[in-house]
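Everything below concerns the one structure shown next.
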Amino acid sequence: MPFEFPIPVQIAYYRIERAITRPVRWLAFGRVWKRRILVAKITGSYGKTTTSRMLAAILKASGHTVGLWCSDGVLVDGRQMPGTGRSCYYGARRVFRHKNVTAAVLECTVGGQVMQGQYAPRCDAAVLLNVSDMHKGQYGLDTVEDTARVKQSIVRTSTGGLVVNLDDANSAALADTWPASAVTGFSMDPQSPAVRKLISHGGRSITLSDDGEQIVLLGPAGDLEVLALLASIPETAGGTARHVAANAMASAGLALSLGTDIDSIRTGLEGDAFAGHLKARFSIVDAPRFKLVLDKALGPMALKNGVQATARIEVSGRRVAILSAPDATTDDMLSQMAAAVANEFEGFVCHGAAGDRYAAALENSTVSDDMIFREKDRVSACKTALDLVKEQGLIYVQVAYPDHHKPIKAALGIACD
């Protein structure tokens with residue numbers, strides 16, 4: 001349907017289509033269930049794709065032929081299938097139709113849910129990672145509570161395990177609506193009262209060790225099992241991107257709910273990625289005269305996490321940020337994103353569709369005008385950043401899509417692998 005139609009018209013169109021095709025969808029999924037395909041759903045405001053890819057790697061390590069549907073597209077056993085990279089029901093259908101798939105991992109977005117309904121009427125395990133206001137004003141969602149309601153409806157289709165983020169109120173609230181024995185919680189705080197509460201009620205919790213270097217599983221009987229070393233998980237960039245630990249915990253919780261053994265979880269988290277050709281959401285590149293950080297961060301919280309991780313990288317030179325955002329990004333979101341980066345860099349280069357508005361948001365924060373530079377495109381932004389950064393400095397790039405890694409490296413004069 002043409003994008004220029006108003007959102008209410010688009011929603012009405014897809015609801016009519018959904019009502020007409022529902023019997024066919026249910027029959028098709030019935031065949032999937034008969035084949036005994038394990039189905040996991042991942043939803044949240046941020047971290048969905050990283051969690052989905054980690055879970056796919058774990059299931060692959062346990063012997064499954066995994067079909068993954070996420071914002072990277074359709075992947076079966078690590079191989080990219082032709083088609084779009086937009087998360088929706090039709091991508092999930094392609095996973096189910098593949099005859100060799102024994103486990104399906106589905107990234108579920110708010111837009112896909114509102115427009116096209118559930119990708120599958122039920123699943124074996126589901127996780128709600130977090131809820132933020134990044135969808136406020138989109139798809140007819142006016143409040144954070146509206147977004148939470150849509151996301152909670154996705155995970156409630158689970159007929160088995162439920163994984164909840166104990167650090168997020170909208171996710172943690174689901175734990176009280178589920179049998180405790182089927183709930184796995186995760187938290188970045190090993191001393192969190194919510195962790196102990198869930199364990200005391202018969203559930204499981206995954207958290208960091210006291211020294212923050214390991215991901216551990218706490219069982220109902222008080223037993224402790226090390227699932228992975230944080231620095232050994234490739235997506236953490238050697239432990240720098242500590243926020244990725246939450247995604248690793250979520251994927252491990254889902255794997256446990258699907259009956260996966262501990263050794264496969266450890267192998268999947270610490271081993272090779274599910275699809276080697278896909279770039280990590282957060283990566284560090286050592287260039288001759290500076291360090292380059294590539295971070296896919298489209299929302300305020302994701303950007304804040306990436307910037308905090310970047311602050312852990314020690315350099316003696318100047319720190320410069322190349323910032324961009326989709327044109328649909330609201331002014332409120334840009335203000336929050338500007339606040340996340342304002343005090344962390346010594347130069348800001350804005351480009352892209354929302355470049356001027358991004359620069360204006362920085363001006364309205366604590367950033368002085370002489371530190372903000374406006375460029376029309378990515379190439380000119382990279383050239384400006386190169387002029388600003390000094391020897392042994394750092395360039396942080398907010399990347400819209402992972403396939404932009406190669407052109408960004410080329411524009412910065414870095415050889416591409």
Side-chain angles (χ1 to χ4, degrees), residues 42-48 50-51 54-55 127-133 144 148 151-152 155 161-178 180 182-233 235-257 262 265-266 269-270 281-282 297 299-312 340:
I42 296 96
T43 191
S45 294
Y46 51 91
K48 297 184 294 296
T50 300
T51 303
M54 286 182 170
L55 177 59
V127 60
L128 174 54
L129 297 171
N130 39 63
V131 180
S132 74
D133 61 353
V144 176
K151 292 183 183 295
Q152 289 171 354
V155 299
L162 177 69
V163 182
V164 297
N165 182 357
L166 297 175
D167 299 331
D168 182 278
N170 288 297
S171 179
L174 289 168
D176 296 330
T177 67
W178 225 260
V183 176
T184 303
F186 66 93
S187 172
M188 293 289 286
D189 179 11
Q191 305 304 322
S192 170
V195 169
R196 306 299 170 183
K197 177 183 176 182
L198 180 58
I199 293 174
S200 66
H201 289 176
R204 295 176 297 201
S205 291
I206 302 174
T207 184
L208 294 175
S209 57
D210 291 335
D211 61 6
E213 300 301 324
Q214 299 173 323
I215 293 175
V216 298
L217 168 67
L218 304 176
D223 50 316
L224 184 149
E225 184 91 30
V226 177
L227 297 180
L229 297 175
L230 191 60
S232 298
I233 301 174
E235 287 80 359
T236 66
T240 301
R242 298 183 65 84
H243 60 280
V244 178
N247 304 130
M249 294 177 197
S251 62
L254 286 168
L256 289 169
S257 298
I262 299 294
I265 292 175
R266 186 176 297 113
L269 289 177
E270 298 184 349
R281 269 16 193 188
F282 184 96
M301 185 54 67
L303 182 61
K304 181 179 179 180
N305 288 336
V307 170
Q308 288 177 346
T310 304
R312 301 186 187 101

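The chain is numbered in sequence order, starting from 1.
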> Can you list the residues that meet the side chain to side chain donor-acceptor pair (under 3.5 Å) rule with T184, with sequence neighbours excluded?
Replying inline: R204
>> Please find the pair of heavy atoms, one from M188 and one from R242, that lie closest to each other, and give the distance.
In response: CE-O, 3.4 Å
>> M249 and side chain to side chain contact (heavy atoms under 4.5 Å, CB included): which single residue from I215, V216, V244 fits?
In response: I215
> Any sub-3.5 Å donor-acceptor pair from T50's side-chain atoms to G47's backbone N or O?
Replying inline: no
> W178 and V155: which non-hydrogen atoms are nearest, and at how many Å?
Replying inline: CH2-O, 4.0 Å
> If you round to the nearest 0.5 Å, how far is NZ of K304 from NE2 of H243?
Replying inline: 12.5 Å
> Ignoring hydrogens and geometry, is there a side-chain-to-backbone donor-acceptor pair from R312 to T240 under 3.5 Å?
Replying inline: yes
>> Once rounded to the nearest 0.5 Å, what's the spacing between atom CG of D168 and atom NZ of K151?
In response: 10.0 Å
> If every non-hydrogen atom of A237 is compared with every non-hydrogen atom of F282, which pair is closest and at what distance?
Replying inline: CB-CD2, 4.1 Å
>> Could you check whether any side-chain N or O of S187 sits under 3.5 Å from a backbone N or O of L166, counting only pairs where one atom can act as donor and the other as acceptor?
In response: no
> Is there a donor-acceptor pair closer than 3.5 Å between any side-chain N or O of E270 and the backbone N or O of L229?
Replying inline: yes
>> For a side-chain contact (heavy atoms from CB on, under 4.5 Å) check, start with the C-alpha distance between I233 and M54, then their side-chain angles and the critical distance, and finish with the verdict.
In response: CA-CA 10 Å; I233 301 174; M54 286 182 170; 3.8 Å; yes
>> Checking side chain to side chain contact (heavy atoms under 4.5 Å, CB included) between L217 and each of L256, L224, T207, which is the one that passes?
In response: L256
> Taking it one step at a time, do L129 and Y46 satisfy side-chain contact (heavy atoms from CB on, under 4.5 Å)?
Replying inline: CA-CA 7 Å; L129 297 171; Y46 51 91; over 6 Å; no
Would you tabulate the side-chain donor-acceptor contacts of residues 191-198 under 3.5 Å, counting partners in other chains and residues two or more places apart, or write 'none'?
from	atom 1	to	atom 2	distance (Å)
Q191	NE2	D210	OD1	3.3
S192	OG	A194	N	3.3
R196	NH2	P190	O	3.4

> Is there a side-chain contact between S171 and V131, using heavy atoms and a 4.5 Å cut-off?
Replying inline: no
> Judged by modelled atom types alone, do T51 and N247 share a side-chain donor-acceptor pair under 3.5 Å?
Replying inline: yes
> What's the shortest heavy-atom distance between I206 and G253, and which atoms?
Replying inline: CD1-N, 3.5 Å
>> Would you compute the distance between atom CZ of F186 and atom CG of N165 and round it to the nearest 0.5 angstrom?
In response: 4.0 Å
> So, the side chain of S45 versus the backbone of S132: is there a donor-acceptor pair under 3.5 Å, distance only?
Replying inline: yes
>> Using the side chain to side chain donor-acceptor pair (under 3.5 Å) criterion, which residues pair with D211? Sequence neighbours excluded.
In response: S209
> What are the two closest non-hydrogen atoms of A250 and V127, and how far apart are they?
Replying inline: CB-CG2, 4.2 Å
>> Using the rule side chain to side chain contact (heavy atoms under 4.5 Å, CB included), only one of L128, N170, L174 pairs with V164; which is it?
In response: L174
> Between L55 and I42, does a side-chain contact (heavy atoms from CB on, under 4.5 Å) hold up when you go through it step by step?
Replying inline: CA-CA 10 Å; L55 177 59; I42 296 96; 4.1 Å; yes
> What distance do S251 atom OG and L227 atom CG have between them, rounded to the nearest 0.5 Å?
Replying inline: 9.5 Å
